[in-house]
Amino acid sequence: DIQLTQSPSFLSASVGDRVTITCRASQGISSFLAWYQQKPGKAPKLLIYEASTLQSGVPSRFSGRGSGTDFTLTISSLQPEDFATYYCQQLNTYPLTFGGGTKVEIK
Amino acid sequence: QVQLQESGPGLVKPSETLSLTCAVSGYSISSAYYWGWIRQPPGKGLEWIASIYGSGSTYYNPSLKSRVTISVDTSKNQFSLKLSSVTAADMAVYYCVRHPPAITVVTYWGQGTLVTVSS
């Protein structure tokens with residue numbers, strides 16, 4: 001199985017901050033990575049797929065980069081509605097696997 | 001608009017079988033996508049369980065494979081999950097999902113259903 005390690009697991013930030021979350025894969029997965037946002041009591045929402053492609057309707061302050069084993073999700077200017085938990089998922093092989101999550105909270 | 005809706009008992013006894021169904025609307029389940037299940041224990045991360053193509057081709061998480069059956073009913077446009085011999089570790093919110101066959105990004109999620117395991 002491909003293991004995904006997210007860091008940090010918890011992040012405290014202020015509105016307007018630039019925030020970066022990292023996801024590291026246990027083996028190379030090319031650009032086959034997605035990012036999701038999850039708010040309490042809700043299903044995850046797709047933000048980015050294939051490492052850097054923004055899903056339709058997702059604000060442009062979200063961006064993704066990386067290939068191989070190292071990936072990042074950046075929020076250029078944190079907004080109140082962005083406080084949530086973020087997960088990465090590898091799209092390369094079965095079994096599908098997710099990172100452990102990064103919770104972004106208000107400082 | 002594709003919509004997925006989970007249904008099934010919210011309480012299952014230890015050692016029994018958990019059975020959930022996902023009703024799909026707005027898209028034919030026999031066309032072009034995989035349909036699957038992902039779970040999330042309270043306060044924890046996401047775990048993929050299994051996926052099935054409309055034609056019946058399946059993938060299972062090896063960690064659960066011995067206890068899981070996923071099936072599709074094209075006549076009702078729905079698919080189902082059975083998880084046998086449940087324990088407290090199987091307590092989770094269960095989501096039904098849709099993803100493409102080639103790039104397994106999950107574009108559609110059900111709202112999720114909480115299954116509690118308790119006697």
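Quick note: numbers below take in every heavy atom, side chains included, and nothing from hydrogens, waters or symmetry partners.
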Item to complete: Taking A:Gln6 for its side chain and A:Cys88 for its backbone only, find out whether a donor-acceptor pair lies under 3.5 Å.
Response: yes
Worksheet item: chain B heavy atoms under 4.5 Å from A:Pro40: which part of the residue, side chain, backbone, both or neither?
Response: neither
Practice prompt. Determine, step by step, whether A:Asp82 and A:Arg61 satisfy the salt bridge (charged side-chain N to carboxylate O under 4.0 Å, His left out) criterion, reporting the C-alpha distance in whole Å, the side-chain angles of both residues, the deciding distance to 0.1 Å, and the verdict.
Written response: CA-CA 10 Å; A:Asp82 301 336; A:Arg61 63 180 179 272; 2.8 Å; yes
Worksheet item: So, A:Tyr87 versus B:Gln40: side-chain donor-acceptor pair below 3.5 Å or not?
Response: yes
Worksheet item: Who wins among A:Leu33, A:Leu96, A:Thr85, A:Thr97 for the most heavy-atom pairs under 4.5 Å with chain B?
Response: A:Leu96
Discussion item. Is B:Ile49 close to chain A through its backbone or its side chain, or both, or neither, when contacts mean heavy atoms under 4.5 Å?
Written reply: neither
Discussion item. Quick check for you: among A:Ala43, A:Ala34, A:Pro44, which has the greatest number of heavy-atom pairs under 4.5 Å with chain B?
Written reply: A:Pro44
Worksheet, complete the sentence: Applying a strict 4.5 Å limit to non-hydrogen atoms, the region of A:Gln38 in contact with chain B is side chain
Worksheet item: Hey, does B:Arg39 have a side-chain heavy atom less than 4.5 Å from the side chain of B:Trp48?
Response: no
Discussion item. Whether A:Arg24 engages the ring of A:Phe71 as a cation-pi pair (distance to the six-membered ring centre under 6.0 angstrom, angle to the ring normal within 45°) should be assessed.
Written reply: no
